[in-house]
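Heads up: the structure comes next, in structure tokens.
Every number for a ligand or one of its atoms is a count from 1 in the order of the listing. Numbers here are sequence positions counted from 1.
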Amino acid sequence: MLIYLNGKLVKRQDARVSVFDHGLLYGDGVFEGIRTYGGLIFKCKEHVDRLYKSAHAITLKIPLTKQALQQAMVTTLKANEITDGYLRVVVTRGVGDLGLDPRNCPKPTVFIIADKIHLYPKEVYAKGLKIVTVATRRNIAEAINPRIKSLNYLNNILGKIEATNAGVPEAVMLDQNGFVTEGTGDNIFIVKDKALVTPPISVGILNGITRAAVLGLAPKAGFKAREEMLTRFDLYTAEEMFLTGTAAEIVPVVMMDNRVLGTGSVGAKTLKLTQEFRKLTKKDGVRYVV
Ligand code: PMP
């Protein structure tokens, strides 16, 4: 495996960053996870734009143009002969001293990993996922805005630990007021009175690219879609539920907090959207040839 690291392709075992890198010392950095389908970087522009926005929000200047970064992504995919896979693009504040001050980090660290990805087994997509709501609240946007896809994932990891302790792979996190936010690594949708409903970005969630794609596909699939503040009541009484994310794609959820949701099997609207999403993954992005 070859890793792109600060402008060079290096072997996996040589892809090392300093212990003084503030990405490691303080989680001071941003990242993206991007899928490729049959030689197409899915939603490439959206991911690159979000990365630059995340960086800008933490006053981190990525030392490449968007075009150059996209080229580096393609170079890494080609070097690893990956047509269907996953890119992890990471930009950290770079190497500094032990103080917090970002001004002591003159050069951001940029690396790109191109790999294969299998998040959930096939049967999860056929039978649906079991999840739980957890006590750990999503951090408030006024502290660390979840719109910044930063290297600070401890809030999500604490939620994930609670989920795995409860014997399920994913959690839904609520905000300080008990409103539904998102999963630890995915956005959430329900079907309510036959319409697709998802919490608004303003509740304090990542502006998910898969979420936006699903909202865009809804009319095509013949469904109404809207953003609305949701509580656990809405989730328990949902007709269908699914999670969306780059790695997870569209995952049906059939049980939450040990309660059966809807019919207890994968919903018809979830299936229809999944079909439409599959079509989109074949055309919406930037092509490359390995
Ligand atoms: N929320 C969180 C916290 C995430 O980490 C992710 C995965 N990046 C998502 C939502 C889904 O976002 P996307 O569809 O852009 O991958």
Side-chain angles (χ1 to χ4, degrees), residues 27 29-37 40-55 57 73 85-91 112-113 115 117-120 129 131 133-134 136-141 143-163 169-175 179-190 196 198-218 225 227 230 241-253 270 273-274 276-278 280-281 284-285:
V30 293
F31 76 103
E32 277 298 318
I34 311 169
R35 275 220 189 224
T36 73
Y37 296 96
L40 180 102
I41 306 177
F42 183 58
K43 295 274 182 192
C44 184
K45 182 179 185 310
E46 287 81 353
H47 281 285
V48 170
D49 284 349
R50 187 170 67 182
L51 181 75
Y52 279 73
K53 274 190 190 158
S54 292
M73 283 156 49
Y86 181 85
L87 283 169
R88 175 59 58 92
V89 184
V90 183
V91 186
I112 304 171
I113 304 168
D115 204 353
I117 186 164
H118 298 287
L119 194 66
Y120 295 121
L129 198 65
I131 63 171
T133 47
V134 288
T136 303
R137 298 296 167 111
R138 191 75 177 101
N139 55 219
I140 58 169
I144 300 176
N145 196 326
R147 288 192 70 171
I148 304 168
K149 201 164 167 55
S150 81
L151 296 179
N152 266 279
Y153 255 54
L154 205 48
N155 179 225
N156 314 54
I157 290 164
L158 291 172
K160 183 93 174 176
I161 289 169
E162 276 193 73
E170 182 54 299
V172 173
M173 302 177 82
L174 307 174
D175 75 353
F179 288 107
V180 174
T181 64
E182 59 184 336
T184 66
D186 333 272
N187 293 111
I188 185 166
F189 281 79
I190 58 168
L196 279 184
T198 193
I201 302 302
S202 57
V203 72
I205 56 175
L206 184 74
N207 190 354
I209 288 163
T210 321
R211 175 187 179 278
V214 166
L215 284 172
L217 287 173
E227 297 172 278
L230 298 172
M241 185 187 290
F242 59 87
L243 304 174
T244 63
T246 294
E249 302 175 298
I250 297 176
V251 203
V253 181
T270 307
L273 280 166
T274 305
E276 291 296 331
F277 183 74
R278 279 274 147 261
L280 197 66
T281 61
D284 190 343

**Check: Tyr153 N/O within less than 3.5 Å of ligand 1 N/O** = yes

**Request:** Answer yes or no for Thr184: is there a heavy-atom contact with ligand 1 below 4.0 Å?
**Result:** yes

**Prompt:** For atom 7 (C) of ligand 1, which candidate among Gly185, Gly245, Gly183, Gly33 provides the closest heavy atom?
**Reply:** Gly185

**Item:** side chain to side chain contact (heavy atoms under 4.5 Å, CB included), paired with Pro199, selected from Thr181, Ile188, Ile190
**Value:** Ile188

**Request:** Could you check if a side-chain atom of Thr246 sits within less than 4.5 angstrom of a side-chain atom of His47, using non-hydrogen atoms only?
**Result:** yes

**Message:** If you define the side chain from C-beta out and look only at heavy atoms, does anything of Arg138 sit under 4.5 Å from Asn155?
**Reply:** yes

**Prompt:** Heavy atom of Glu46 under 4.0 Å from ligand 1?
**Reply:** no

**Asked** What about Arg138: any of its N or O atoms under 3.5 Å from an N or O on ligand 1?
**Response** no

**Request:** Examine Thr246 against ligand 1 and note whether any of their N/O atoms are separated by less than 3.5 Å.
**Result:** yes

**Asked** What's the shortest distance from atom 1 (N) of ligand 1 to any protein heavy atom, and which residue and atom give it?
**Response** Glu182 OE1, 2.7 Å

**Message:** If you apply the rule side chain to side chain contact (heavy atoms under 4.5 Å, CB included), what do you find for Phe42 with Leu280, and how did you get there?
**Reply:** CA-CA 9 Å; Phe42 183 58; Leu280 197 66; 4.0 Å; yes

**Under-4.0 Å salt bridge between Glu227 and Arg211** = yes

**Message:** Quick check: Arg50 and ligand 1, any N/O pair under 3.5 Å apart?
**Reply:** yes

